[in-house]
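Okay, structure first, notes after.
Reminder, nothing fancy here: chain letters follow the sequence lines and each chain counts from 1.
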Amino acid sequence: MRKSDLALPKNKFAPLLLKWNKEKNNRQMPWKGEKDPYKIWLSEIILQQTRVEQGLNYYNNFVKAFPDIHKLAKASDEKVFKLWEGLGYYTRCRNLLATARFISKELKGKFPDDYEELKSLKGIGPYTAAAISSFAFNLPYAVVDGNVFRVLARVFGIYTATDSTEGKKLFTALADELLDKKQPGLYNQAIMDFGAVICKPATPLCTICIFKKNCVAFLTNKVNELPVKEKKITIRKRWFHYLVLEYKNEIAIQQRTAKDIWQDLYQFPLIEANTELAVINILQQATKKKWLVKKDYEVASVSPLFKQQLSHQLIAGQFIRIQLKRQAKDNNGWVWVTKSKMAKYAFPQFINQYLKEKRVQQSLF
DNA sequence: AAGACGGGGAC
DNA sequence: GTCCCAGTCTT
């Protein structure tokens with residue numbers, strides 16, 4: 001028997017999926033059945049590369065703070081980034097604001113109802129354009145996200161890498177072919193729920209799966225080998241040595257502007273290296289940069305080592321708290337803020353770890 | 001075509 | 001530790 005004899009006829013896929021959706025799917029999410037394109041868009045941006053459980057509170061907070069696109073468009077960068085703080089992939093936040101302001105002003109608040117026009121907006125790619133098109137406007141575009149790659153790779157036994165150009169093309173074509181074009185929104189929601197609840201990445205529930213009689217991966221015992229990805233990430237290690245400069249009741253912070261991790265977030269004056277630096281070395285470098293003047297400062301404390309594992313970088317570093325007797329002349333692009341104002345700015349979680357410890361230990365900041 | 005971009009949960 | 005998550009953008 002050949003694989004093609006086992007494989008599910010393509011026209012049976014949607015009916016089986018929708019039957020499962022109707023009878024067995026009780027996954028609930030606040031944006032499910034939502035028709036307001038603004039809220040759909042918001043949920044989709046938040047959920048890019050982000051698990052539903054992680055994004056849930058952020059979605060609720062955003063909807064509460066900004067009930068419509070004009071409210072979001074009028075908000076300050078600072079406030080919006082603070083609300084996004086901790087969610088990661090901060091470019092999403094910058095693009096969210098840019099697109100909100102564009103739609104609010106240039107389109108007078110009317111959300112585009114066309115796939116190509118949606119895709120031309122900042123932060124909206126093929127997936128998000130398909131999601132908004134189908135959920136808000138019932139247009140026949142199939143979503144292709146991590147769930148869809150996984151479900152289709154397994155059910156149809158496709159070994160083409162999902163992160164290759166060929167794979168994206170192949171899976172997108174198949175997804176469009178399988179789509180129930182009469183009810184694209186319902187279908188798209190169903191296949192993503194199915195991937196999240198049944199056809200999970202690890203330990204999928206094959207024994208109760210509606211496709212088990214036809215799933216190529218299951219029948220050939222290859223469920224754990226699909227889907228295939230070809231690229232493997234390399235991890236870069238970086239050392240961040242932060243100077244927490246205090247003068248009276250103020251702290252120096254600066255915004256990260258480089259095209260790098262944590263762009264647009266705030267931090268303390270930083271000395272980065274590819275190895276761990278001794279405290280004396282850090283102080284020397286800071287002096288050379290004129291951040292510190294000899295005899296005009298005092299080291300108040302040196303934090304323990306902090307570490308944070310990111311997907312593609314390992315961040316290690318520490319925080320040196322320094323009391324200044326005189327404020328530095330050059331502002332070096334710093335902003336001096338009172339400790340109570342610190343809470344208005346968005347910081348990377350690496351720094352929040354430290355701030356949290358500090359608050360607990362010494363009720364600082 | 002390949003890399004960069006966060007953070008957290010599951011195993 | 002490793003993998004993955006309702007992906008997108010830049011080079």
Inset, instruction - Please state how far atom CH2 in Trp84(A) lies from atom P in dG8(B), giving the value in whole angstrom units. - result: 14 Å
Legend entry - Listed partners of Lys259(A) passing salt bridge (Lys or Arg N to Asp or Glu O under 4.0 Å), at least two apart: none
Legend entry - Results of salt bridge (Lys or Arg N to Asp or Glu O under 4.0 Å) for Asp296(A) - residues two or more places apart only: Arg326(A)
Inset, instruction - Please check the phosphate of dC9(C) (OP1 and OP2 only) for any side-chain N or O of Tyr89(A) closer than 4.0 Å. - result: no
Inset, instruction - Salt-bridge test for Glu272(A) and Arg238(A): reply yes if a basic N is under 4.0 Å from a carboxylate O, no otherwise. - result: yes
Legend entry - Backbone N/O of Asp163(A) and side chain of Lys231(A): donor-acceptor pair under 3.5 Å: yes
Legend entry - With Phe347(A) via ring-ring contact (aromatic ring centres under 6.0 Å, His included) - residues at least two apart: none
Legend entry - Contacts of Lys32(A) that satisfy salt bridge (Lys or Arg N to Asp or Glu O under 4.0 Å) - sequence neighbours left out: Asp193(A)
Legend entry - Mutual orientation of the aromatic rings belonging to Tyr38(A) and Trp41(A) [parallel < 30°, tilted 30-60°, perpendicular > 60°]: tilted
Inset, instruction - Kindly say if Trp262(A) contacts the phosphate of dG7(B), meaning a side-chain N or O under 4.0 Å from OP1 or OP2. - result: yes
Inset, instruction - Measure the distance from CZ on Arg94(A) to P on dC5(B) and round it to the nearest whole Å. - result: 12 Å
Legend entry - Along DNA chain C (nearest heavy atom to each residue), the more 5'-positioned of Thr128(A) and Pro227(A): Pro227(A)
Inset, instruction - Return the 5'-most residue of the pair Gln309(A), Thr203(A) with respect to DNA chain B, ranking by each residue's nearest nucleotide. - result: Gln309(A)
Legend entry - Given DNA chain B, 5'-ward residue of the pair Ile261(A) and Lys200(A), judged by closest heavy atom: Ile261(A)
Inset, instruction - Report yes if a side-chain nitrogen or oxygen of Ser311(A) is closer than 4.0 Å to either non-bridging phosphate oxygen (OP1 or OP2) of dA4(B); otherwise report no. - result: no
Legend entry - Phosphate OP1/OP2 of dG3(B) contacted by Arg236(A) side-chain N/O (<4.0 Å): no
Inset, instruction - Determine the interatomic distance between C1' on dA6(C) and the same-named atom on dC11(B); round to the nearest Å. - result: 22 Å
Inset, instruction - Please state whether the rings of Tyr115(A) and Tyr141(A) are parallel, tilted or perpendicular, taking 30° and 60° as the class boundaries. - result: parallel
Inset, instruction - May I ask you to decide if the ring planes of Phe306(A) and Tyr354(A) are parallel, tilted or perpendicular, using 30° and 60° as cut-offs? - result: perpendicular
Inset, instruction - Measure from the side chain of Asp145(A), starting at C-beta and using heavy atoms only, and say which of dA6(C), dC5(B), dG7(B) lies closest. - result: dA6(C)
Inset, instruction - Quick one: label Thr234(A) by what it contacts on the DNA or RNA (base, sugar-phosphate, nothing), any heavy atom closer than 4.0 Å. - result: nothing
Inset, instruction - Identify, with sequence neighbours excluded, every residue that meets side chain to side chain donor-acceptor pair (under 3.5 Å) alongside Gln308(A). - result: none
Legend entry - Nucleotide dT8(C), atom P - distance to CG of Leu87(A) in whole Å: 15 Å
Inset, instruction - Write down the distance between NZ (Lys231(A)) and P (dC5(B)), rounded to a whole number of angstrom. - result: 17 Å
Legend entry - Length of the line joining Lys232(A):NZ and dC4(C):C1', which is rounded to integer Å: 17 Å
Inset, instruction - For Tyr127(A) and dG7(C), say yes or no: do the ring centres fall under 5.5 Å of each other while the ring planes differ by less than 30°? - result: no
Legend entry - Within-4.5 Å side-chain heavy-atom neighbours: Ile198(A) and Ile210(A): no
Inset, instruction - In whole angstrom, give the distance that lies between atom CZ of Phe347(A) and atom C1' of dG6(B). - result: 17 Å
Legend entry - ring-ring contact (aromatic ring centres under 6.0 Å, His included) against Phe66(A), all qualifying residues, sequence neighbours excluded: Phe62(A)
Inset, instruction - Check the side chains of Gln284(A) and Asn281(A) for a donor-acceptor pair under 3.5 angstrom, ignoring hydrogens and angles. - result: no
Legend entry - Interface with DNA chain B, restricted to residues 185-199 of chain A and to heavy atoms under 4.0 Å: none
Legend entry - Non-neighbouring partners of Phe350(A) that pass ring-ring contact (aromatic ring centres under 6.0 Å, His included), sequence neighbours left out: Phe319(A)
Legend entry - Nearest-Å distance for atom pair CD1/P, residues Ile235(A) and dG1(C): 10 Å
Legend entry - Arg150(A) CZ - dG7(C) P separation (whole Å): 10 Å
Legend entry - Span that lies between the P atom of dG6(B) and that of dT11(C), in whole angstrom: 15 Å
Inset, instruction - Would you indicate, yes or no, if dT11(C) has its OP1 or OP2 atom less than 4.0 angstrom from a side-chain nitrogen or oxygen of Lys259(A)? - result: yes
Inset, instruction - State which residues pass salt bridge (Lys or Arg N to Asp or Glu O under 4.0 Å) with Glu106(A); sequence neighbours excluded, sorted by chain then number. - result: none
Inset, instruction - With a 4.0 Å heavy-atom cut-off, tell me which residues in residues 112-126 of chain A come close to DNA chain C, sorted by residue number. - result: Leu121(A), Lys122(A), Gly123(A), Ile124(A), Gly125(A), Pro126(A)
Inset, instruction - Measure from the side chain of Gln308(A), starting at C-beta and using heavy atoms only, and say which of dC4(C), dG7(B), dA6(C) lies closest. - result: dG7(B)
Inset, instruction - Give a yes or no on whether Leu277(A) and Trp239(A) share a hydrophobic cluster (residues Ile, Leu, Val, Met, Phe, Trp, Tyr; joining criterion: side-chain heavy atoms under 4.5 Å apart). - result: no
Legend entry - Close residues, residues 39-65 of chain A, relative to DNA chain B [heavy-atom separation under 4.0 Å]: Gln49(A), Thr50(A), Arg51(A), Gln54(A)
Legend entry - Residues from residues 21-34 of chain A lying under 4.0 Å of DNA chain C - heavy atoms: Arg27(A), Met29(A), Trp31(A)
Legend entry - Proximal nucleotide (of dG6(B), dC5(B), dC9(C)) relative to the Tyr90(A) side chain: dG6(B)
